[in-house]
Amino acid sequence: MTFDDFKFDASLLEGLYSMGYKTPTPIQEQAIPVITEGKDLIACAQTGTGKTAAYLLPIIDHILHAPTRHLNTLIIAPTRELTLQIDQQIDGMGYFCSVGSIAIYGGNDGITWEKQRHALEEGVDIVCATPGRLIALLQSGNINFEHLQHLVLDEADRMLDMGFLDDIKIIIGYLPKKRQTILFSATMPPKIRMLAKEIANNPEQINIAISKPAAGIVQQAYVVYDNQKEALIKGILKNEDYQSVIIFSGTKDNVKLLEKTLQSVSGAVKAFHSDLEQSEREEIMREFKGKRLRVLIGTDILSRGIDVDGISLVVNYDAPGDPEDYIHRIGRTARASKAGVAITFVNQRDQMKFSHIEALMGYEVTKMPIPENLGSGPEYNPEAQKKEMHRGGKPSSSKGGKGRSNSSKGSFRKR
Ligand code: AMP
């Protein structure tokens with residue numbers, strides 16, 4: 001199958017091919033015909049599968065064939081980063097077409113607020129928004145979604161995890177009942193199915209191989225004591241093959257500490273967290289994308305939707321708690337069929353969590369020997385930890401205890 005088979009407008013195809021897309025991914029093959037037919041859709045697909053284009057392409061094509069002067073499509077996404085990336089994909093695909101879009105998210109100044117409000121009042125084809133800012137704008141202004149045709153909820157599971165369910169319902173209260181509703185989610189827990197039942201009308205369902213990391217990712221784990229992590233990461237970063245690296249750590253404070261710790265390693269190292277100004281976050285992402293920054297350290301805020309090519313290594317400095325977070329984190333490398341390495345540090349407390357991740361994937365991750373100069377690590381024995389927990393004990397912690405514990409891009413465009 002090729003993109004020509006979808007009979008998209010020539011200007012859209014031109015944008016698509018100029019972005020380097022050659023053949024549709026499985027989610028695109030399945031979702032595009034359903035969306036083109038105007039049916040509601042519930043799709044289970046992770047980031048990295050090409051899900052964004054799967055809904056954007058048929059929607060943009062529809063807008064091109066039946067342009068309106070109103071707000072046509074609303075895409076709700078959990079984070080400003082994802083919102084901006086969706087908007088950037090619209091920019092790319094729509095480069096040769098006349099489709100207007102705006103990213104709406106908070107954390108910016110009054111001028112941006114005014115620009116966002118103005119764009120919504122004037123009418124723009126596609127609005128990509130985080131829930132909080134959109135509600136604030138809806139409640140403050142003269143915004144008319146009466147002619148809305150498509151509603152997309154992207155990363156719906158993450159939005160519910162972040163507590164946005166009520167906000168989503170409030171927003172939907174502003175939308176016409178007759179519309180196309182499209183919901184994308186990396187997982188399909190019962191709460192997502194309930195939401196889908198409430199907001200979608202007889203939706204088609206698509207399931208794309210859930211919870212399996214891309215085949216090109218070489219996964220490794222080091223079973224360590226906390227106080228071995230620092231020396232281990234410094235040793236790993238001496239490997240110059242790793243020229244673009246993301247390190248995930250559990251909390252914002254740990255991310256900041258790690259940034260200080262790693263200042264001596266070669267290549268620039270920066271932390272990415274929610275205490276930074278939006279403009280600083282955007283600058284850091286630009287440096288990282290432009291390969292002027294070698295190491296980016298962040299929390300799970302980085303794990304979803306961040307779309308940077310050529311990341312050679314992902315390190316989980318702390319093992320993620322949620323198997324889906326693991327898949328999302330390591331999915332930052334080996335994108336678009338390239339190879340990449342994902343290394344996870346597993347301390348004693350995290351052994352049980354990590355064994356759940358292995359169970360979900362259906363295989364064990366290779367355990368790497370710890371470099372001799374760091375001494376020996378703990379045994380990998382998650383079963384023992386499970387038994388200890390069942391007896392009411394706390395999982396044992398680290399030996400020595402010295403280590404860390406665990407746009408407005410002027411994103412406003414008008415036609
Ligand atoms: P997503 O799952 O939407 O986060 O997309 C993951 C990455 O794949 C993004 O960089 C897209 O630009 C890229 N992509 C999406 N569809 C295709 C395709 N058909 N061919 C090549 N790359 C694609």
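Model, not experiment: these values are computed from the prediction. The first residue in the sequence is number 1, and the count goes up from there. In listed order, ligands and their atoms are each counted from 1.
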Lys252 backbone acceptor or donor facing Thr299 side chain under 3.5 Å: no
Donor-acceptor under 3.5 Å (Asp109 side chain, Thr112 main chain): yes
Heavy-atom nearest option to atom 13 (C) of ligand 1, drawn from Tyr21, Tyr55, Phe184: Tyr21
Side chain, backbone, both or neither: Asp309 near ligand 1, heavy atoms under 4.0 Å: neither
Mode of Gln28 contact toward ligand 1 - side chain, backbone, both, neither (heavy atoms, under 4.0 Å): side chain
Proximal atoms of ligand 1 relative to Phe3 (non-hydrogen, under 4.0 Å): 19 (N)
Mutual orientation of the aromatic rings belonging to His147 and His70 [parallel < 30°, tilted 30-60°, perpendicular > 60°]: parallel
Mutual orientation of the aromatic rings belonging to Phe345 and Tyr222 [parallel < 30°, tilted 30-60°, perpendicular > 60°]: perpendicular
Asp226 with Arg349: basic N within carboxylate O range, under 4.0 Å: yes
Contact (N/O only, under 3.5 Å) between Gly50 and ligand 1: yes
Thr23 near ligand 1 by a heavy-atom separation under 4.0 Å: yes
